[in-house]
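Here the structure is a predicted model, which means the values were calculated and not measured.
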Amino acid sequence: MMDAQTRGLLRECSLGCKMAINSFDQMRDYVKNEELKELMDTYDKKHKAYEEKAAKMLMEDGSKEKEPGMMASAFSKMTTEMKLMMKDDSSQVAKLVMDGCNMGIQTLGGYINEYKNASGQSMNLAKDIVRTEESLMKDMQKFL
């Protein structure tokens, strides 16, 4: 049986990855630069793998994943669409991706501290996601 801290951390890992995947899907049509598109596809695959890992661990425990809230998802989608309609170049996409990374790092970093007694496996997953977000932010800088 999984403890509440591990379950909580895994749910947040899953949720954060789902939000990133949704953002990549939403921005894909606006990306004209092939190098940027390939980079986003690479990180999209990484987020999908992390999400599947968190979901599998939760499922093995009989726990449910956490889904993005409908209002938060709608607001995020609308904000992204508006920003991309005003300016849909690689620089704007990179800025939006970096904003998402920063939000993910702060949010998941907070949960790593909050759920400090979570299992080593779930903690490692959360830290891997944070490192991936940091790496993605760095990779996006050349498109600014």
Side-chain angles (χ1 to χ4, degrees), residues 1-31 33-85 88 90-144:
M1 185 76 182
M2 186 181 288
D3 63 274
Q5 293 231 339
T6 299
R7 188 177 311 108
L9 186 57
L10 288 172
R11 283 181 173 155
E12 295 305 332
C13 287
S14 171
L15 175 65
C17 287
K18 285 178 184 179
M19 292 177 78
I21 293 162
N22 289 343
S23 293
F24 286 134
D25 288 345
Q26 185 184 359
M27 287 187 271
R28 192 167 280 115
D29 292 341
Y30 292 94
V31 180
N33 180 303
E34 280 305 311
E35 186 182 0
L36 178 56
K37 194 175 283 193
E38 286 174 24
L39 190 62
M40 287 176 66
D41 287 345
T42 298
Y43 280 96
D44 187 36
K45 287 181 182 119
K46 288 181 182 188
H47 283 83
K48 285 177 179 168
Y50 290 139
E51 198 287 318
E52 286 170 15
K53 189 172 183 179
K56 184 175 185 268
M57 291 166 70
L58 285 164
M59 195 174 68
E60 287 170 356
D61 180 59
S63 299
K64 291 194 182 330
E65 294 177 73
K66 192 171 176 182
E67 295 297 328
M70 199 162 57
M71 290 302 289
S73 294
F75 181 74
S76 172
K77 186 174 173 79
M78 185 179 71
T79 304
T80 300
E81 293 282 334
M82 284 175 55
K83 286 180 180 177
L84 289 171
M85 278 193 269
D88 69 347
S90 295
S91 172
Q92 184 67 19
V93 171
K95 287 175 187 173
L96 288 169
V97 171
M98 290 174 79
D99 286 347
C101 291
N102 193 38
M103 188 169 62
I105 291 165
Q106 289 179 29
T107 303
L108 207 46
Y111 285 117
I112 287 168
N113 293 333
E114 181 180 338
Y115 297 124
K116 58 184 170 283
N117 295 320
S119 74
Q121 191 179 16
S122 65
M123 195 62 80
N124 287 338
L125 176 62
K127 288 176 180 176
D128 285 346
I129 294 168
V130 168
R131 279 190 290 274
T132 298
E133 296 296 320
E134 291 167 345
S135 176
L136 176 53
M137 265 184 101
K138 190 173 187 317
D139 289 345
M140 282 291 140
Q141 288 176 6
K142 69 177 163 187
F143 298 101
L144 293 175

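- Listed by first and then second residue, the ring-ring contact (aromatic ring centres under 6.0 Å, His included) pairs involving residues 1-22 amount to none (not counting sequence neighbours).
- A distance of 12.5 Å separates CD of Glu12 from CG of Leu125, quoted to the nearest 0.5 Å.
- Electrostatic pairing of Lys56 and Glu52 does not count as a salt bridge here, judged by no charged N lying under 4.0 Å from a carboxylate O.
- No side-chain donor-acceptor contact under 3.5 Å links Ser14 to the backbone of Leu10.
- Distance check, rounded to the nearest 0.5 Å: CE of Met19 to CD of Gln26 gives 11.0 Å.
- Partners of Ser122 according to the side chain to side chain donor-acceptor pair (under 3.5 Å) rule, which considers only residues two or more places apart in sequence or in another chain, are Ser119.
- Heavy-atom minimum distance, Glu133 versus Cys101: OE1-CA, 3.1 Å.
- Taking Lys45 as the reference, nothing meets the side chain to side chain donor-acceptor pair (under 3.5 Å) condition, with sequence neighbours excluded.
- Rounding to the nearest 0.5 Å places CE of Met27 at 10.5 Å from CG of Asn22.
- Looking at Thr6 and Gln121, their side chains never come closer than 4.5 Å, going by heavy atoms from C-beta outward.
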Which side-chain N or O atoms in residues 134-143 pair as donor and acceptor under 3.5 Å with protein atoms at least two apart or in another chain?
residue, atom, partner, partner atom, Å
Ser135, OG, Tyr43, OH, 2.7
Asp139, OD2, Tyr43, OH, 2.6
Lys142, NZ, Glu35, OE2, 2.7

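- Using a 4.5 Å cut-off on side-chain heavy atoms (C-beta onward), Ile129 and Cys17 make contact.
- Counting only distance, with no hydrogens or angles, the side chain of Asp44 and the backbone of Met40 share no donor-acceptor pair below 3.5 Å.
- To the nearest 0.5 Å, atoms CD (Gln92) and CG (Leu144) are separated by 10.5 Å.
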Check residues 106-118 and write down every donor-acceptor pair under 3.5 Å in which the side-chain atom is one partner and the other belongs to a residue at least two apart or another chain.
residue, atom, partner, partner atom, Å
Gln106, NE2, Asn102, OD1, 3.4
Thr107, OG1, Met103, O, 2.8
Asn113, ND2, Gly109, O, 3.4

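- Among residue pairs with one or both ends in residues 117-131, those qualifying as salt bridge (Lys or Arg N to Asp or Glu O under 4.0 Å) are Asp128-Arg131; sequence neighbours excluded.
- A donor-acceptor contact shorter than 3.5 Å links the side chain of Asp61 to the backbone of Met2.
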